[in-house]
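To keep things clear, I will list the structure first and then write my remarks on it.
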Amino acid sequence: MTTTQDWFISVALPVPLRNTFDYRLPTEADPTANYMGCRVAVNFGHQAMVGIILSCHQTSTYDPAKIVAALEILDHKPLFTAELLNLCWWAADYYQHPLGETLSTAMPTPLRQGKSSAPTLAAWQLTTEGKGLPETALKRAKKQQIALQYLLHNDFLLDADARKLDINSTTMAAMQKKGLVEKVERVPEHQAPKDAADQLLRESPLALTEEQEAALSQLSFHRYTCYLLEGATGSGKTEFYLQAIARTLQAGKQALVLIPEIGLTPQTVARFEQRFACSVAELHSNVSDSQRTNNWLAARDGRARIVIGTRLASLCPMQDLGIIIVDEEHDLSFKQQDGLRYSARDLSIYRANQLQIPIVLGSATPSLESFYNAIHGRFAHLRLTRRAGAAKPPTISRVDLRGKTLTAGLCDASVAVLEKTIERGQQAIVFVNRRGYAPSLLCHHCGWIAECPSCDANLTLHKAPYHLHCHHCDAQKPVNRHCPQCNSPDLNPRGLGTEQTEQWLEERFPDTPIIRIDRDSTRQKNSLQETLAVVKSGKPCILIGTQMLAKGHHFPNIALVVIADCDQGLMSADYRGPERMAQLVIQVAGRAGRGEIPGQVLIQSHSPDHPLLDLLLTKGYHLFARQLLNERQTAFLPPFTHQCLIRAESKRPQNAIDFLKMARQQLSSLMPPSQQLQYLGPIPARMERVNERFRYQLHITAGSRKALQKLLKEGIEKIDQQALARRTRWSVDVDPQEV
DNA sequence: AGCACGCCGACT
DNA sequence: GTCGGCGTGCTC
C-alpha cells in the first residue's frame, strides 16, 4: 500500500537556477493521477511559489529527509500539454535559459501567480423579474428587446454571443440597472466544433489568382514543411493565409497566426473575424490579463479554433494545432530581447516539425536566414509576384542630398513633390526614424552637448511637452536655458526628429492635416483609431512617423512616401544595417499607391550612389539579398555561421569584464578557438553605459549550430558553477538580432 | 531571483 | 549604543 508520502514530484520553479526541485505529493493528491504539466504551490526557501510538475516518481536523488510536501496542486487539467512542455524544454535548452523561468514566461500573468485555471465565460442570465416579462416587452429599446427574446429562449447569453447579435455592453448594463438581468460566470461547454466548411466561413473567400492557386496547391497539410511565402504588399498573402487556414479548420484542426508587435494592427484581426465564423482568440499585450488567460485556456481546450497574436502566442498550448502562419517573418519583434531570448519564428518552425504540420513564413522582404534556407531547399519557396487588382508598383527615386539645404529634414525638391501631391488632393507619408524634436541639444558657442547622466547617450529634445529625454533609461529633465559649460544662451537643437518635421510641415501646409504617429503620439492619444479615420476618409493629409507607421496598415489614398534619411542603414556598424534598410524601403514603398493611385517613393540620401542601395533599387530585393548573402559568407557571418552572445553588466565595469574573461576561459578550455570557432571579447556593448550600468559582451561564432549548442550546454554549466557568476548580472543570447 | 544571515560605518 | 550597507550562501 503506497501513500502520497511515498511519491515525489519534480518541480520547475521560476528561479534562475538550472536544476529542478523535488517535493512530496500533497497528502490529498491522488498518486495514480497524472500531474505532469500541472501547477503546484510549494514553499521554496522562505517564500511560497508556483511551479510546474515535470514528473512523478518513487525515488529521489535528493536526501529524502530534506524533502518537504508540496502545498497544493492547483490544476485539475495540465496547463502544459505534453506538446507545449516539450516545446518549452527545447526552448530552455536551445536558448540556455532555466526551464522554470521558461515555463513561467509561457504563462499569462494570473496563471503565473497561481490564480484559478478553471476557464469561465462571462454571461448574462434573467432575474426573476426579467423572466416575468412578456416577449413583447422593451419595445422602445430594440437592442434590449433582442437580448430579452434571446434570454427567454436560452438559459444564458454569453458575452461572445452578445457580440454576434450586435448587442454591446452598455445595452446589457442598462438592463442590469433595471434589474432584469444579472452577470454570471459560466463554465464553457466542451464542444468539439468540427463544423462543416459552410459553417466556418462568414463570408465567401475571394477568387484566387492563378498564382495564389498554384501556391496554395503546393501546401501539404499532413506533414511538416516550412514554406517561405514571398509576396509583395498587395499580392494577396493574407488571402493565401485565410484559405490555408480554412482548409485546416475543415480538417478539424486549429490555426496559429503570429503577427509582429501591434503598432497599428487591429486590422489583421478584423480581417480574420470577418472571414471566419468560428472563435478567434487574440493573444498579445493589448489584451487584458484575464482575457489573455481565458484565450490561452480556450486554445488549450480547443474552444479557440484560430489563435492570432504576437510572439508570446507562439508559447501557447494548442489542443490540435494544424498550421502555423508567421506573417512578416523578417520582423525583429519576433525575437524577445530579454529573459528567455527566443525567436518566435524559429521556435514555431521547431514546433511545426515536432507536430508534423505545415508552417508558412510570409514576407515581402524575407530575412536573409529564411531566404538562405529557401535557396538551399530547407524551406519550400512560394512566390506571389503580382499585385492583386489594378494597383501598380510605385516608382522609386533617389533624392541626392549632397550640397542641398534641408528644412526639417526635407530638401526643396521633396517639398515640391509633397506640395503637388497635396494639391492633387492626395495623401503623403514622411518617414523620419527618430522620435522627439531633435536627437541632441548643442551649444553653438562651446560645443557642449546635453548628455544623459546615466547613459552614454545624448538627450533627445522634445517640444511637446518641452523637455529633454533619454530614450535609453527614460530619464527626463528640463531644457537648459544656458550652457552649463560656458553659460552661453545659444543652445540649438541638432539633428532631426518627428516632432520637428511635424512642426515645420504644419507651418508650411497650414490647411492640411498633419498627423504624427510615433510612440509618443500614440501613447498620449488613445484615439489613434479616430486619428486614422481622417486618413481613411481619403482627404489630403500628411502622415509623419517612425517605423511604427510602416507596419501593416493599409491606407488606400497614399500617393507619396518620403524617406527622410536612409543613410543610417547603409552606414550602420551592425552588419544587418543594409538588410534592415532594404526591408524598410520595400515595406514603406508598399504603403504607396495601393488604390487606384499610382505610388511614388522618394528616398533622400547623402550617398544615393551607394552600391547596395543602387542594387536594391535597380535589381530588386532578391538580387540585393543574394549579394548580401555573398558578403556574409565571405565574412564568416550568419546565416553561414551561428552566433551566441554572452552579455554581462555591472555598476563596476571591471566586474562584468572579469566575468566574461572567466566565461571565455571556461568555454575555450572546452573548445579552443579554431577556423570554425571564434571568440571575440569581452568588448563593450554598443552603448557601454546605460542606466548607470556598464555593459560588455563576449561574441562566439561557430561554423555549425550543433557545435555551438554542444559548447554552450557544457560551457554554461561550468560558468554557472563559478562564484563570479552569482555576483554578476549576465545573460545568454543565442542567435542575437542585435550585435 | 528573493531572502536571511552577518559583519563594518554614521546616526538618534 | 542601534540602523542599515551589500557580500555570501541557500533554496527540494
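Throughout, a chain's letter reflects where its sequence line sits, starting with A, and its residues are numbered from 1.
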query = Which letter, B, S or -, goes with each nucleotide of nucleotides 1-8 of chain B from 5' to 3', with contact meaning a protein heavy atom under 4.0 Å?
reply = BSSS----
task = Provide the full list of ring pair (Phe, Tyr, Trp, His ring centres under 6.0 Å) pairs with a residue in residues 74-104 of chain A, sequence neighbours left out, each pair given once.
result = W90(A)-Y94(A), W90(A)-Y350(A)
request  = Measure the spacing between OG1 of T546(A) and CZ of R519(A) and express it to the nearest 0.5 Å.
outcome  = 8.5 Å
query = First contact, last contact: which nucleotides of DNA chain C are these for chain A, 5' to 3', heavy-atom distance under 4.0 Å?
reply = dT8(C) to dC12(C)
note = So ring pair (Phe, Tyr, Trp, His ring centres under 6.0 Å) across residues 27-47 of chain A, not counting sequence neighbours, yields F21(A)-F44(A)
note = For residues 695-729 of chain A, the ring pair (Phe, Tyr, Trp, His ring centres under 6.0 Å) pairs (sequence neighbours left out) are none
ask   = Can D735(A) and R705(A) be counted as an ion pair, charged N to O under 4.0 angstrom?
value = yes
request  = Would you classify D63(A) as touching base, sugar-phosphate or nothing, given that sugar-phosphate means primed atoms plus P, OP1 and OP2, and contacts are heavy atoms under 4.0 Å?
outcome  = nothing
task = Quick one: list whatever passes salt bridge (Lys or Arg N to Asp or Glu O under 4.0 Å) with R693(A), sequence neighbours left out.
result = E649(A)
message = When you compare the side chains of Q678(A) and T701(A), does any donor N or O come within less than 3.5 Å of an acceptor on the partner?
response = no
inquiry  = Under a 4.0 Å threshold between the charged nitrogen and the carboxylate oxygen, would D518(A) count as salt-bridged to R434(A)?
reply    = no
